[in-house]
Chemist: 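Below you'll find the structure I mean.
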Amino acid sequence: MKRPPSPPRREEASGWPVRVGVLLLCFFLERCVLNRFPLWGGTPLLMPLAVAAIGFLEGSGPGAVCGLGAGLAGALAIGSDGTALIWFETAVGLVCGVTLDKSLGRTFPGYLLCALGTVLLWEGLQSVIHILFLGDAPGTVLALAGAEGGYSLLFAPVIYLVFHLLHDRFRSELEF
């Protein structure tokens with residue numbers, strides 16, 4: 001007796017559309033919602049933290065590609081002043097991915113180190129630009145940088161949890 005053919009195997013769904021959707025949600029929250037609720041004069045930066053989470057959990061290639069896309073979205077939203085975001089967020093995704101490949105593993109404290117480094121680097125670069133090139137008062141600039149950095153880091157655990165759940169659910173095999 002002949003055996004009936006087995007049903008076709010269903011391919012496992014890719015989680016990248018969901019990750020991009022979460023990145024777009026972070027972009028929307030950062031640009032349209034949370035900027036209306038400043039804390040000590042600063043607004044949080046969610047996109048660099050989300051790119052750091054993707055790089056940290058998925059590796060340097062996917063992190064750099066997501067950073068490039070997030071940087072392009074930020075540059076298009078800001079205009080000509082946002083071109084530094086392209087380079088910065090690509091580098092964040094790449095460097096956080098390299099830390100995964102080298103030493104930190106996929107632990108929450110490791111991500112917090114990456115998030116802290118990301119925030120310190122961005123706020124440091126912004127502070128140098130405002131103090132040296134725009135002539136703003138150092139005390140005011142550093143106070144605003146501290147407020148933005150602290151406010152951003154409040155969202156780091158939530159961002160890590162969301163992207164960690166996505167990573168566990170979809171187990172990306174994407175290689176660059």
Chemist: Please round to the nearest 0.5 Å and tell me the distance separating atom CG of Leu144 and atom OG of Ser127.
Modeler: 8.0 Å
Chemist: Closest heavy-atom contact between Thr118 and Cys96?
Modeler: OG1-SG, 4.2 Å
Chemist: Hey, quick one: are Leu29 and Leu23 part of the same hydrophobic cluster, counting side-chain heavy atoms closer than 4.5 Å, chains of contacts allowed?
Modeler: yes
Chemist: Taking Trp16 as the starting point, is it possible to reach Leu24 by hopping between hydrophobic residues whose side chains are less than 4.5 Å apart?
Modeler: no
Chemist: Do Val119 and Leu45 have side chains that get closer than 4.5 Å, going by heavy atoms?
Modeler: no
Chemist: Where do Tyr111 and Thr99 land on the side chain to side chain contact (heavy atoms under 4.5 Å, CB included) test, with the steps shown first?
Modeler: CA-CA 9 Å; Tyr111 169 72; Thr99 61; over 6 Å; no
Chemist: Please tell me if the side chains of Gln126 and Glu148 come closer than 4.5 Å, counting only heavy atoms from C-beta onward.
Modeler: no
Chemist: With sequence neighbours left out, what residues match Phe108 under ring-ring contact (aromatic ring centres under 6.0 Å, His included)?
Modeler: Tyr160
Chemist: When His164 is tested against each of Val162, Asp168, Leu166 for side chain to side chain contact (heavy atoms under 4.5 Å, CB included), which residue passes?
Modeler: Asp168
Chemist: Taking all heavy atoms of Arg31 and all of Gly74, pick out the closest pair and write down the distance.
Modeler: NH2-CA, 4.1 Å
Chemist: Please name the pair of heavy atoms, one in Phe88 and one in Pro48, separated by the smallest distance, quoted to 0.1 Å.
Modeler: CE2-CB, 4.1 Å
Chemist: Who else is in the cluster with Leu165 when I, L, V, M, F, W and Y are joined by side-chain contacts under 4.5 Å?
Modeler: Leu161
Chemist: Quick one: does Leu125's side chain get under 4.5 Å of Leu121's, heavy atoms only?
Modeler: yes
Chemist: Looking at every heavy atom in both Ile159 and Ala53, which two are closest together, and how far apart are they?
Modeler: CG2-CB, 4.1 Å
Chemist: Can you tell me how far the CD atom of Glu58 sits from the SG atom of Cys66, to the nearest 0.5 Å?
Modeler: 8.0 Å
Chemist: With hydrophobic residues grouped by side-chain heavy-atom distances under 4.5 Å, do Phe155 and Phe56 end up in a single group?
Modeler: yes
Chemist: Looking only at heavy atoms, which two atoms of Ala115 and Leu49 are closest? And how far apart?
Modeler: CB-CD2, 3.6 Å
Chemist: Any side-chain heavy atom of Pro44 within less than 4.5 Å of one from Leu154?
Modeler: no
Chemist: Do you know which two heavy atoms are closest between Phe27 and Ala77, and how far apart they sit?
Modeler: CZ-CB, 3.5 Å
Chemist: Is Ile86 reachable from Met47 through a run of hydrophobic residues whose side-chain heavy atoms are each under 4.5 Å from the next?
Modeler: no
Chemist: Taking atom CG of Leu120 and atom CG of Leu153, what is their separation to the nearest 0.5 Å?
Modeler: 7.5 Å
Chemist: Rounded to the nearest 0.5 Å, how far apart are CG of Leu116 and OG of Ser152?
Modeler: 11.0 Å
Chemist: If two hydrophobic side chains count as joined below 4.5 Å and joins carry through other members, does Ile129 share a cluster with Trp122?
Modeler: no
Chemist: Kindly compute the distance separating CD (Glu123) from CG (Leu142), expressed to the nearest 0.5 Å.
Modeler: 10.0 Å
Chemist: Is the backbone of Trp87 close enough, under 3.5 Å, to the side chain of Thr90 for a donor and an acceptor to pair up by distance?
Modeler: no
